[in-house]
J.: 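Quick one: structure below, then a few questions.
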Amino acid sequence: MSDLETSIPDAAETTPLGLAQRGFSGRVSAIMVDGDHLGVSALEIERRLLELGIVEGASVQILHEGPIGRDPIAIRVNGTTIALRRREAMAIMVGVHDRAAKTTA
């Protein structure tokens with residue numbers, strides 16, 4: 001098994017970024033858009049997320065949550081800070097950073 005395969009969490013260890021709390025730090029494992037939303041196609045939503053740098057293996061951290069319904073959220077993706085609505089963040093599957101791998105690397 002390669003190093004890349006061991007660094008990406010299994011599906012059982014992932015959760016949608018939209019469910020994570022402020023302070024969460026992890027790695028993107030997949031982008032899974034369920035369907036169209038408010039007239040925007042699933043392919044367009046996925047394309048927009050990819051253009052923002054949200055790709056498999058990217059480091060992600062939740063920095064801030066909005067005051068009403070915790071929406072939108074501010075996230076840092078590989079050093080870039082962006083804002084997302086929680087419904088968009090639900091398409092981003094993430095796993096928690098493996099602290100043991102960080103200390104041995």
J.: Considering the options Ile82, Thr80, Val77, which one meets the side chain to side chain contact (heavy atoms under 4.5 Å, CB included) requirement together with Leu52?
T.: Ile82
J.: Which ILVMFWY residues can you reach from Ile68 by hopping between side chains whose heavy atoms are under 4.5 Å apart?
T.: none
J.: Does atom CZ of Arg85 have more than 12 heavy-atom neighbours, drawn from other residues, nucleotides or ligands, at distances under 6.0 Å?
T.: no
J.: Does the side-chain contact (heavy atoms from CB on, under 4.5 Å) test come out yes or no for Val96 and Thr15, once each step is laid out?
T.: CA-CA 9 Å; Val96 177; Thr15 186; over 6 Å; no
J.: For residues Val28 and Val55, report the shortest heavy-atom separation together with the two atoms involved.
T.: CB-O, 3.3 Å
J.: Evaluate the side-chain contact (heavy atoms from CB on, under 4.5 Å) criterion for residues Ile92 and Val60: first the C-alpha distance (whole Å), next the side-chain angles of each, then the deciding distance (0.1 Å), finally the verdict.
T.: CA-CA 10 Å; Ile92 304 166; Val60 64; 5.9 Å; no
J.: I'd like to know if the side chain of Ser29 reaches the main chain of Thr14, judged simply by a donor and an acceptor atom lying under 3.5 Å from each other, with no hydrogens or angles considered.
T.: no
J.: Go through the steps for Val40 and Arg48 under the test side-chain contact (heavy atoms from CB on, under 4.5 Å), then give the verdict.
T.: CA-CA 11 Å; Val40 180; Arg48 290 177 184 180; 4.1 Å; yes
J.: Are any of the side-chain heavy atoms of Leu84 and Ile54 separated by less than 4.5 Å?
T.: yes
J.: Check whether any side-chain N or O of Asp71 sits under 3.5 Å from a backbone N or O of Arg86 as a donor-acceptor pair, and report yes or no.
T.: yes
J.: Is there a side-chain contact between Glu56 and Arg27 in this structure, where contact means two heavy atoms from C-beta onward sitting under 4.5 Å apart?
T.: no
J.: Find out if a path of hydrophobic residues (ILVMFWY) with successive side-chain heavy-atom gaps under 4.5 Å connects Ile75 to Leu19.
T.: no
J.: To the nearest 0.5 Å, tell me how far Leu63 CG sits from Phe24 CZ.
T.: 12.5 Å
J.: Considering non-hydrogen atoms only, spot the tightest contact between Ala58 and Gly53 and give its length.
T.: CB-O, 3.9 Å
J.: My understanding is that only residues two or more places apart in sequence, or in another chain, count here; which of them pass side chain to side chain donor-acceptor pair (under 3.5 Å) with Gln61?
T.: none
J.: Side chains of Leu17 and Ile62, heavy atoms from C-beta outward: is any pair under 4.5 Å?
T.: yes
J.: Has the side chain of Asn78 got a donor or acceptor atom that lies under 3.5 Å from a matching backbone atom of Ser59?
T.: yes
J.: Salt bridge check: are Arg47 and Glu44 linked by an N-O gap of less than 4.0 Å?
T.: yes
J.: Could you tell me whether the side chain of Glu65 and the main chain of Arg22 form a donor-acceptor pair under 3.5 Å?
T.: yes
